[in-house]
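Reading through the C-alpha coordinates given below for one structure.
What's counted below: heavy atoms across the whole structure, side chains too, no hydrogens, waters or symmetry copies. It should be emphasised that the depicted structure is a prediction, and the values quoted were computed from it without experimental measurement.
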Protein chains: 2
Amino acid sequence: MRADAKRNYDRIVEVAREVFREQGYDASLDEVAKRAGVGPGTLYRHFPQRENLLDAIMQSWVDRVTEAADKALAHEGPDRELLLDWFQEYVALISQHKGGPAKITSAMGDPDSPIITKCQVLAEANQRVIDRLRQGGALREDIETLQVCRLVGGIATVADQGDLDAPAVRPMLEVVADGLLR
Amino acid sequence: MRADAKRNYDRIVEVAREVFREQGYDASLDEVAKRAGVGPGTLYRHFPQRENLLDAIMQSWVDRVTEAADKALAHEGPDRELLLDWFQEYVALISQHKGGPAKITSAMGDPDSPIITKCQVLAEANQRVIDRLRQGGALREDIETLQVCRLVGGIATVADQGDLDAPAVRPMLEVVADGLLR
DNA sequence: GACGATACGGAGATAGTCTCCGTTTAGCAA
DNA sequence: TTGCTAAACGGAGACTATCTCCGTATCGTC
(Lines give C-alpha, C1' and ligand atoms only; values in the text may rest on other atoms or scores of the structure.)
Protein backbone atom coordinates (compact mmCIF):
# COMPACT_ATOMS: atom_id res chain seq x y z
CA MET A 1 0.00 0.00 0.00
CA ARG A 2 1.34 3.37 -1.01
CA ALA A 3 2.16 5.86 1.73
CA ASP A 4 -0.49 8.39 0.70
CA ALA A 5 -3.09 5.63 0.46
CA LYS A 6 -2.31 4.44 3.96
CA ARG A 7 -2.46 7.98 5.26
CA ASN A 8 -5.93 8.47 3.82
CA TYR A 9 -7.11 5.05 4.95
CA ASP A 10 -6.12 5.74 8.54
CA ARG A 11 -7.55 9.20 8.51
CA ILE A 12 -10.91 7.98 7.17
CA VAL A 13 -11.15 5.30 9.86
CA GLU A 14 -10.29 7.80 12.56
CA VAL A 15 -12.85 10.33 11.35
CA ALA A 16 -15.51 7.65 10.81
CA ARG A 17 -15.15 6.47 14.39
CA GLU A 18 -15.82 10.02 15.51
CA VAL A 19 -18.74 10.63 13.16
CA PHE A 20 -20.41 7.30 13.91
CA ARG A 21 -20.16 8.00 17.62
CA GLU A 22 -21.77 11.40 17.11
CA GLN A 23 -24.46 10.52 14.60
CA GLY A 24 -24.87 6.77 14.78
CA TYR A 25 -24.21 4.11 12.26
CA ASP A 26 -26.44 5.76 9.64
CA ALA A 27 -24.28 8.86 9.31
CA SER A 28 -23.58 10.11 5.79
CA LEU A 29 -20.43 8.67 4.28
CA ASP A 30 -19.89 11.71 2.10
CA GLU A 31 -19.82 13.65 5.34
CA VAL A 32 -17.12 11.32 6.62
CA ALA A 33 -15.15 11.82 3.41
CA LYS A 34 -15.52 15.58 3.62
CA ARG A 35 -14.34 15.73 7.23
CA ALA A 36 -11.43 13.45 6.41
CA GLY A 37 -10.48 15.82 3.60
CA VAL A 38 -10.79 13.24 0.83
CA GLY A 39 -13.17 12.82 -2.08
CA PRO A 40 -16.01 10.31 -1.91
CA GLY A 41 -14.23 8.24 -4.56
CA THR A 42 -11.32 7.67 -2.22
CA LEU A 43 -13.57 6.59 0.60
CA TYR A 44 -15.52 4.15 -1.55
CA ARG A 45 -12.38 2.68 -3.08
CA HIS A 46 -11.06 1.80 0.36
CA PHE A 47 -14.45 0.78 1.71
CA PRO A 48 -16.83 -0.40 -1.02
CA GLN A 49 -19.57 -1.08 1.52
CA ARG A 50 -20.46 0.78 4.65
CA GLU A 51 -19.77 -2.36 6.63
CA ASN A 52 -16.17 -2.51 5.43
CA LEU A 53 -15.66 0.79 7.18
CA LEU A 54 -17.37 -0.51 10.29
CA ASP A 55 -15.09 -3.51 10.18
CA ALA A 56 -12.00 -1.29 10.13
CA ILE A 57 -13.34 0.77 13.01
CA MET A 58 -13.88 -2.37 15.04
CA GLN A 59 -10.25 -3.40 14.69
CA SER A 60 -9.34 -2.09 18.12
CA TRP A 61 -12.63 -3.29 19.53
CA VAL A 62 -11.77 -6.99 19.40
CA ASP A 63 -9.17 -6.59 22.11
CA ARG A 64 -11.72 -5.14 24.47
CA VAL A 65 -14.07 -8.03 23.74
CA THR A 66 -11.60 -10.70 24.77
CA GLU A 67 -10.56 -8.65 27.77
CA ALA A 68 -14.16 -8.40 28.90
CA ALA A 69 -14.61 -12.15 28.58
CA ASP A 70 -11.39 -12.75 30.54
CA LYS A 71 -12.62 -10.47 33.25
CA ALA A 72 -15.95 -12.25 33.41
CA LEU A 73 -14.28 -15.65 33.62
CA ALA A 74 -12.02 -14.47 36.44
CA HIS A 75 -15.11 -13.61 38.44
CA GLU A 76 -15.40 -15.40 41.77
CA GLY A 77 -18.97 -15.74 42.92
CA PRO A 78 -22.37 -17.07 41.99
CA ASP A 79 -22.96 -18.19 38.41
CA ARG A 80 -25.87 -15.82 38.05
CA GLU A 81 -23.66 -12.83 38.82
CA LEU A 82 -21.01 -14.01 36.40
CA LEU A 83 -23.53 -14.40 33.62
CA LEU A 84 -25.20 -11.06 34.31
CA ASP A 85 -21.89 -9.22 34.42
CA TRP A 86 -20.95 -10.74 31.10
CA PHE A 87 -24.29 -9.89 29.55
CA GLN A 88 -23.96 -6.29 30.66
CA GLU A 89 -20.49 -6.12 29.15
CA TYR A 90 -21.82 -7.72 26.01
CA VAL A 91 -24.54 -5.13 25.65
CA ALA A 92 -22.11 -2.28 26.32
CA LEU A 93 -19.66 -3.61 23.74
CA ILE A 94 -22.16 -3.82 20.90
CA SER A 95 -23.88 -0.56 21.82
CA GLN A 96 -20.88 1.62 21.01
CA HIS A 97 -22.79 3.54 18.38
CA LYS A 98 -26.45 3.85 17.52
CA GLY A 99 -27.58 1.11 15.18
CA GLY A 100 -24.65 -1.08 16.22
CA PRO A 101 -26.57 -3.75 18.16
CA ALA A 102 -28.87 -4.49 15.23
CA LYS A 103 -26.00 -4.50 12.74
CA ILE A 104 -23.73 -6.74 14.76
CA THR A 105 -26.44 -9.17 15.83
CA SER A 106 -27.79 -9.66 12.34
CA ALA A 107 -24.27 -10.03 10.93
CA MET A 108 -23.76 -12.91 13.35
CA GLY A 109 -25.84 -15.26 11.28
CA ASP A 110 -24.56 -14.09 7.90
CA PRO A 111 -21.31 -15.72 6.70
CA ASP A 112 -20.97 -13.14 3.92
CA SER A 113 -21.07 -10.11 6.17
CA PRO A 114 -17.95 -7.92 5.94
CA ILE A 115 -17.83 -7.75 9.74
CA ILE A 116 -18.16 -11.49 10.24
CA THR A 117 -14.63 -11.91 11.66
CA LYS A 118 -15.38 -9.36 14.35
CA CYS A 119 -18.64 -11.08 15.15
CA GLN A 120 -16.84 -14.37 15.49
CA VAL A 121 -14.52 -12.90 18.10
CA LEU A 122 -17.57 -11.82 20.04
CA ALA A 123 -19.27 -15.18 19.55
CA GLU A 124 -16.17 -17.00 20.74
CA ALA A 125 -15.88 -14.80 23.80
CA ASN A 126 -19.48 -15.60 24.61
CA GLN A 127 -18.82 -19.27 23.96
CA ARG A 128 -16.04 -19.29 26.54
CA VAL A 129 -18.33 -17.86 29.20
CA ILE A 130 -21.14 -20.25 28.32
CA ASP A 131 -18.78 -23.25 28.26
CA ARG A 132 -17.51 -22.42 31.71
CA LEU A 133 -21.08 -22.43 33.06
CA ARG A 134 -22.01 -25.53 31.13
CA GLN A 135 -19.05 -27.40 32.60
CA GLY A 136 -20.30 -26.52 36.06
CA GLY A 137 -23.65 -27.96 34.98
CA ALA A 138 -25.34 -24.68 35.72
CA LEU A 139 -26.82 -24.10 32.26
CA ARG A 140 -29.66 -25.71 30.35
CA GLU A 141 -28.37 -27.83 27.49
CA ASP A 142 -31.00 -27.29 24.84
CA ILE A 143 -29.88 -23.92 23.57
CA GLU A 144 -27.09 -22.99 21.17
CA THR A 145 -24.68 -20.24 22.09
CA LEU A 146 -25.57 -18.37 18.92
CA GLN A 147 -29.10 -18.16 20.26
CA VAL A 148 -27.73 -16.67 23.46
CA CYS A 149 -25.99 -13.99 21.39
CA ARG A 150 -29.27 -13.33 19.64
CA LEU A 151 -31.21 -13.07 22.88
CA VAL A 152 -28.80 -10.59 24.41
CA GLY A 153 -28.37 -8.84 21.07
CA GLY A 154 -32.13 -8.49 20.82
CA ILE A 155 -32.27 -6.79 24.19
CA ALA A 156 -29.43 -4.47 23.19
CA THR A 157 -31.24 -3.69 19.95
CA VAL A 158 -34.50 -2.63 21.56
CA ALA A 159 -32.57 -0.71 24.21
CA ASP A 160 -30.65 1.08 21.47
CA GLN A 161 -33.77 1.92 19.50
CA GLY A 162 -35.70 2.99 22.59
CA ASP A 163 -32.85 4.91 24.21
CA LEU A 164 -32.93 2.81 27.36
CA ASP A 165 -30.17 3.12 29.93
CA ALA A 166 -28.35 0.33 31.72
CA PRO A 167 -30.68 0.16 34.76
CA ALA A 168 -33.66 -0.30 32.44
CA VAL A 169 -31.88 -3.08 30.57
CA ARG A 170 -30.84 -4.95 33.69
CA PRO A 171 -34.19 -6.64 34.50
CA MET A 172 -34.47 -7.95 30.95
CA LEU A 173 -31.01 -9.46 31.19
CA GLU A 174 -32.02 -11.02 34.50
CA VAL A 175 -34.97 -12.74 32.87
CA VAL A 176 -32.77 -14.21 30.17
CA ALA A 177 -30.08 -15.23 32.67
CA ASP A 178 -32.65 -16.93 34.91
CA GLY A 179 -34.19 -18.64 31.91
CA LEU A 180 -30.80 -20.03 30.93
CA LEU A 181 -29.63 -21.15 34.36
CA ARG A 182 -31.17 -24.17 35.99
CA MET B 1 -63.81 13.97 3.68
CA ARG B 2 -64.53 14.40 0.02
CA ALA B 3 -65.40 11.31 -2.00
CA ASP B 4 -62.34 11.47 -4.24
CA ALA B 5 -60.09 11.99 -1.22
CA LYS B 6 -61.50 8.94 0.50
CA ARG B 7 -61.11 6.92 -2.67
CA ASN B 8 -57.44 7.83 -2.93
CA TYR B 9 -56.85 7.33 0.78
CA ASP B 10 -58.25 3.80 0.67
CA ARG B 11 -56.43 2.95 -2.50
CA ILE B 12 -53.08 4.11 -1.08
CA VAL B 13 -53.54 2.04 2.07
CA GLU B 14 -54.47 -1.01 0.04
CA VAL B 15 -51.47 -0.66 -2.26
CA ALA B 16 -49.11 0.13 0.60
CA ARG B 17 -50.12 -3.06 2.41
CA GLU B 18 -49.17 -4.98 -0.72
CA VAL B 19 -45.91 -3.14 -1.35
CA PHE B 20 -44.78 -3.34 2.29
CA ARG B 21 -45.44 -7.07 2.30
CA GLU B 22 -43.39 -7.48 -0.87
CA GLN B 23 -40.49 -5.16 -0.12
CA GLY B 24 -40.58 -4.60 3.61
CA TYR B 25 -41.20 -1.51 5.59
CA ASP B 26 -38.44 0.44 3.83
CA ALA B 27 -40.14 0.35 0.44
CA SER B 28 -40.17 3.56 -1.58
CA LEU B 29 -43.23 5.72 -0.92
CA ASP B 30 -43.08 7.23 -4.39
CA GLU B 31 -43.39 3.68 -5.64
CA VAL B 32 -46.51 3.24 -3.52
CA ALA B 33 -47.92 6.48 -4.93
CA LYS B 34 -47.15 5.41 -8.48
CA ARG B 35 -48.80 2.03 -8.08
CA ALA B 36 -51.82 3.64 -6.46
CA GLY B 37 -52.08 5.97 -9.44
CA VAL B 38 -51.69 9.17 -7.43
CA GLY B 39 -48.98 11.83 -7.25
CA PRO B 40 -46.52 11.88 -4.39
CA GLY B 41 -48.13 15.08 -3.15
CA THR B 42 -51.40 13.25 -2.55
CA LEU B 43 -49.72 10.49 -0.64
CA TYR B 44 -47.77 12.88 1.60
CA ARG B 45 -50.83 15.03 2.27
CA HIS B 46 -52.71 12.03 3.60
CA PHE B 47 -49.69 10.54 5.35
CA PRO B 48 -47.11 13.17 6.30
CA GLN B 49 -44.87 10.55 7.87
CA ARG B 50 -44.19 7.01 6.81
CA GLU B 51 -45.55 5.82 10.13
CA ASN B 52 -48.93 7.43 9.53
CA LEU B 53 -49.28 5.10 6.59
CA LEU B 54 -48.22 2.15 8.71
CA ASP B 55 -50.81 3.17 11.28
CA ALA B 56 -53.55 3.10 8.65
CA ILE B 57 -52.40 -0.29 7.40
CA MET B 58 -52.55 -1.65 10.94
CA GLN B 59 -56.21 -0.67 11.33
CA SER B 60 -57.44 -4.18 10.58
CA TRP B 61 -54.58 -5.63 12.53
CA VAL B 62 -55.86 -4.60 15.98
CA ASP B 63 -58.77 -7.02 15.73
CA ARG B 64 -56.42 -9.91 15.18
CA VAL B 65 -54.36 -8.84 18.19
CA THR B 66 -57.27 -8.96 20.61
CA GLU B 67 -58.47 -12.20 19.06
CA ALA B 68 -55.07 -13.76 19.59
CA ALA B 69 -55.03 -12.67 23.24
CA ASP B 70 -58.54 -14.06 23.74
CA LYS B 71 -57.46 -17.34 22.25
CA ALA B 72 -54.42 -17.49 24.50
CA LEU B 73 -56.51 -16.75 27.60
CA ALA B 74 -59.00 -19.47 26.68
CA HIS B 75 -56.15 -21.94 26.73
CA GLU B 76 -56.57 -24.83 29.18
CA GLY B 77 -53.27 -26.28 30.27
CA PRO B 78 -49.93 -25.47 31.87
CA ASP B 79 -48.99 -21.82 32.32
CA ARG B 80 -45.80 -22.36 30.38
CA GLU B 81 -47.72 -23.48 27.31
CA LEU B 82 -50.11 -20.57 27.57
CA LEU B 83 -47.28 -18.10 27.76
CA LEU B 84 -45.35 -19.69 24.92
CA ASP B 85 -48.39 -19.82 22.67
CA TRP B 86 -49.02 -16.17 23.34
CA PHE B 87 -45.40 -15.24 22.67
CA GLN B 88 -45.47 -17.06 19.37
CA GLU B 89 -48.62 -15.24 18.38
CA TYR B 90 -47.05 -11.99 19.49
CA VAL B 91 -44.00 -12.53 17.30
CA ALA B 92 -46.15 -13.53 14.33
CA LEU B 93 -48.35 -10.46 14.75
CA ILE B 94 -45.52 -7.95 14.73
CA SER B 95 -43.55 -9.75 12.00
CA GLN B 96 -46.11 -9.09 9.30
CA HIS B 97 -43.61 -7.17 7.19
CA LYS B 98 -39.87 -6.83 7.24
CA GLY B 99 -38.75 -4.09 9.61
CA GLY B 100 -42.03 -4.30 11.50
CA PRO B 101 -40.75 -5.83 14.76
CA ALA B 102 -38.15 -3.09 15.23
CA LYS B 103 -40.62 -0.34 14.31
CA ILE B 104 -43.40 -1.54 16.57
CA THR B 105 -41.20 -2.37 19.52
CA SER B 106 -39.40 0.95 19.50
CA ALA B 107 -42.70 2.82 19.07
CA MET B 108 -43.91 1.17 22.28
CA GLY B 109 -41.83 3.44 24.43
CA ASP B 110 -42.45 6.60 22.43
CA PRO B 111 -45.67 8.52 23.28
CA ASP B 112 -45.28 10.67 20.17
CA SER B 113 -45.16 7.82 17.70
CA PRO B 114 -47.91 7.93 15.07
CA ILE B 115 -48.57 4.23 15.65
CA ILE B 116 -48.80 4.53 19.43
CA THR B 117 -52.51 3.66 19.59
CA LYS B 118 -51.86 0.40 17.79
CA CYS B 119 -48.99 -0.38 20.10
CA GLN B 120 -51.20 0.23 23.08
CA VAL B 121 -53.68 -2.35 21.84
CA LEU B 122 -50.84 -4.81 21.64
CA ALA B 123 -49.51 -3.82 25.05
CA GLU B 124 -52.95 -4.20 26.60
CA ALA B 125 -53.42 -7.61 25.04
CA ASN B 126 -50.09 -8.62 26.50
CA GLN B 127 -51.10 -7.12 29.83
CA ARG B 128 -54.19 -9.30 29.96
CA VAL B 129 -52.16 -12.44 29.46
CA ILE B 130 -49.56 -11.39 31.99
CA ASP B 131 -52.21 -10.40 34.54
CA ARG B 132 -53.86 -13.77 34.26
CA LEU B 133 -50.57 -15.50 35.05
CA ARG B 134 -49.72 -13.06 37.82
CA GLN B 135 -53.07 -13.72 39.48
CA GLY B 136 -52.24 -17.39 39.49
CA GLY B 137 -48.98 -16.44 41.20
CA ALA B 138 -47.03 -18.07 38.39
CA LEU B 139 -45.01 -15.02 37.35
CA ARG B 140 -42.14 -13.15 38.90
CA GLU B 141 -43.23 -9.76 40.20
CA ASP B 142 -40.18 -7.64 39.54
CA ILE B 143 -40.70 -7.01 35.86
CA GLU B 144 -42.97 -4.56 34.07
CA THR B 145 -45.16 -5.77 31.25
CA LEU B 146 -43.60 -3.22 28.93
CA GLN B 147 -40.31 -4.98 29.52
CA VAL B 148 -41.94 -8.25 28.51
CA CYS B 149 -43.03 -6.63 25.25
CA ARG B 150 -39.47 -5.46 24.73
CA LEU B 151 -38.00 -8.87 25.42
CA VAL B 152 -40.29 -10.63 22.98
CA GLY B 153 -40.04 -7.73 20.54
CA GLY B 154 -36.26 -8.01 20.70
CA ILE B 155 -36.41 -11.66 19.76
CA ALA B 156 -38.77 -10.87 16.90
CA THR B 157 -36.43 -8.11 15.76
CA VAL B 158 -33.34 -10.30 15.54
CA ALA B 159 -35.40 -13.05 13.93
CA ASP B 160 -36.67 -10.57 11.35
CA GLN B 161 -33.21 -9.21 10.60
CA GLY B 162 -31.63 -12.66 10.47
CA ASP B 163 -34.45 -14.32 8.51
CA LEU B 164 -35.09 -16.91 11.18
CA ASP B 165 -38.15 -19.14 11.00
CA ALA B 166 -40.54 -20.05 13.81
CA PRO B 167 -38.71 -23.23 14.92
CA ALA B 168 -35.49 -21.22 15.34
CA VAL B 169 -37.30 -18.60 17.40
CA ARG B 170 -38.99 -21.08 19.70
CA PRO B 171 -36.03 -21.90 21.98
CA MET B 172 -35.39 -18.21 22.57
CA LEU B 173 -39.00 -17.71 23.58
CA GLU B 174 -38.67 -20.68 25.91
CA VAL B 175 -35.74 -19.08 27.68
CA VAL B 176 -37.69 -15.87 28.23
CA ALA B 177 -40.80 -17.76 29.34
CA ASP B 178 -38.80 -19.84 31.80
CA GLY B 179 -37.07 -16.74 33.07
CA LEU B 180 -40.41 -15.09 33.73
CA LEU B 181 -42.20 -18.04 35.35
CA ARG B 182 -41.30 -19.11 38.82
C1' DG C 1 14.38 12.87 -13.90
C1' DA C 2 11.46 10.00 -16.25
C1' DC C 3 8.08 6.55 -16.31
C1' DG C 4 4.49 3.30 -15.04
C1' DA C 5 1.57 1.88 -11.53
C1' DT C 6 -1.20 3.46 -8.04
C1' DA C 7 -4.24 6.51 -5.94
C1' DC C 8 -6.85 10.79 -5.84
C1' DG C 9 -11.16 13.54 -6.10
C1' DG C 10 -15.01 15.64 -7.82
C1' DA C 11 -18.57 15.84 -11.25
C1' DG C 12 -22.55 13.54 -12.05
C1' DA C 13 -25.80 9.38 -12.45
C1' DT C 14 -29.29 7.35 -9.70
C1' DA C 15 -32.65 7.06 -6.25
C1' DG C 16 -35.47 8.38 -2.38
C1' DT C 17 -37.98 12.00 0.48
C1' DC C 18 -40.85 15.65 0.69
C1' DT C 19 -42.83 20.47 -0.74
C1' DC C 20 -44.85 24.02 -3.33
C1' DC C 21 -48.19 25.73 -6.09
C1' DG C 22 -50.84 26.02 -10.43
C1' DT C 23 -54.68 23.17 -11.95
C1' DT C 24 -58.69 20.35 -11.38
C1' DT C 25 -62.74 18.61 -9.22
C1' DA C 26 -66.48 17.70 -5.87
C1' DG C 27 -70.36 19.22 -3.80
C1' DC C 28 -73.50 22.71 -2.75
C1' DA C 29 -76.55 26.55 -3.47
C1' DA C 30 -79.07 29.47 -6.44
C1' DT D 1 -78.15 23.50 -14.86
C1' DT D 2 -75.01 26.47 -13.87
C1' DG D 3 -71.70 28.82 -11.15
C1' DC D 4 -68.84 29.10 -7.26
C1' DT D 5 -65.57 27.92 -3.66
C1' DA D 6 -63.19 25.06 -0.70
C1' DA D 7 -60.89 20.89 -1.04
C1' DA D 8 -57.95 17.91 -3.25
C1' DC D 9 -54.87 16.63 -6.91
C1' DG D 10 -50.29 15.79 -9.00
C1' DG D 11 -45.99 16.56 -10.80
C1' DA D 12 -41.94 19.41 -11.24
C1' DG D 13 -38.18 20.10 -8.63
C1' DA D 14 -35.34 21.05 -4.29
C1' DC D 15 -32.70 18.46 -1.30
C1' DT D 16 -29.93 14.66 0.39
C1' DA D 17 -27.49 10.40 0.22
C1' DT D 18 -25.13 6.61 -2.29
C1' DC D 19 -21.85 5.23 -5.37
C1' DT D 20 -19.12 5.36 -10.06
C1' DC D 21 -16.23 6.89 -13.70
C1' DC D 22 -12.32 8.75 -15.44
C1' DG D 23 -9.10 12.61 -16.21
C1' DT D 24 -5.47 14.20 -13.22
C1' DA D 25 -1.93 13.95 -9.75
C1' DT D 26 1.36 11.56 -6.99
C1' DC D 27 4.45 7.88 -5.39
C1' DG D 28 8.26 5.13 -5.66
C1' DT D 29 11.51 3.00 -8.49
C1' DC D 30 14.95 2.38 -12.17
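For the pair H97(B)/E22(B), no side-chain contact is recorded, criterion being any heavy-atom separation below 4.5 Å from C-beta on. Looking only at side-chain heavy atoms (C-beta outward), M172(A) and L164(A) come within less than 4.5 Å of each other.
Comparing R7(B) and S28(B) against DNA chain C, the residue whose closest nucleotide sits nearer the 5' end is S28(B). Place D4(A) and R2(B) on DNA chain C by their nearest nucleotides, and D4(A) ends up nearer the 5' end.
The interatomic distance linking N52(B) (CG) with dT17(C) (P) rounds to 14 Å, in whole Å. Separating the CG atom of D10(A) from the P atom of dC8(C) is a distance of 12 Å, rounded to the nearest angstrom. One interatomic measurement links the two molecules: CE of M1(A) to C1' of dC8(C), which rounds to 13 Å at whole-angstrom precision. Spacing between atom CD of E51(B) and atom P of dT17(C) amounts to 14 Å, rounded to whole angstrom units.
In this structure, the side chain of R128(B) does not engage the main chain of A69(B) through any donor-acceptor pair within 3.5 Å. Looking only at distances, a side-chain donor or acceptor of R50(B) sits under 3.5 Å from a matching main-chain atom of Y25(B). Judged by distance alone, the side chain of Q147(A) and the main-chain N or O of A168(B) form a donor-acceptor pair under 3.5 Å. Between the side chain of R134(A) and the main chain of L139(A), no donor-acceptor pair closer than 3.5 Å is present. A donor-acceptor pair is defined here as one N or O able to donate and one able to accept, closer than 3.5 Å; no such pair exists between the side chain of W61(A) and the backbone of I94(A). In this structure a side-chain-to-backbone donor-acceptor pair under 3.5 Å is present from T66(A) to D63(A). Side-chain atoms of N8(A) never come within 3.5 Å of backbone atoms of A5(A) as a donor-acceptor pair (strictly under, hydrogens ignored).
Set against dA7(C), dT17(C), dG27(C), the side chain of A3(B) has dG27(C) as its closest nucleotide.
Non-hydrogen atoms lying under 4.0 Å from DNA chain C are contributed by V38(A), G39(A), P40(A), G41(A), T42(A), R45(A), H46(A), all within residues 29-48 of chain A. Of the residues in residues 12-26 of chain A, not one places a heavy atom less than 4.0 Å from an atom of DNA chain C.
Listed pair N8(A) / dC8(C) meets the phosphate criterion, a side-chain N or O lying under 4.0 Å from OP1 or OP2.
For DNA chain D, the outermost nucleotides in 5' to 3' order that have an atom under 4.0 Å from a heavy atom of chain B are dA6(D) to dA12(D).
In terms of heavy atoms, I57(A) sits closest to R17(A) at O-NH2, 3.1 Å.
Using a 30° and 60° split on the angle between ring planes, H46(B) and Y9(B) fall in the perpendicular class, above 60°.
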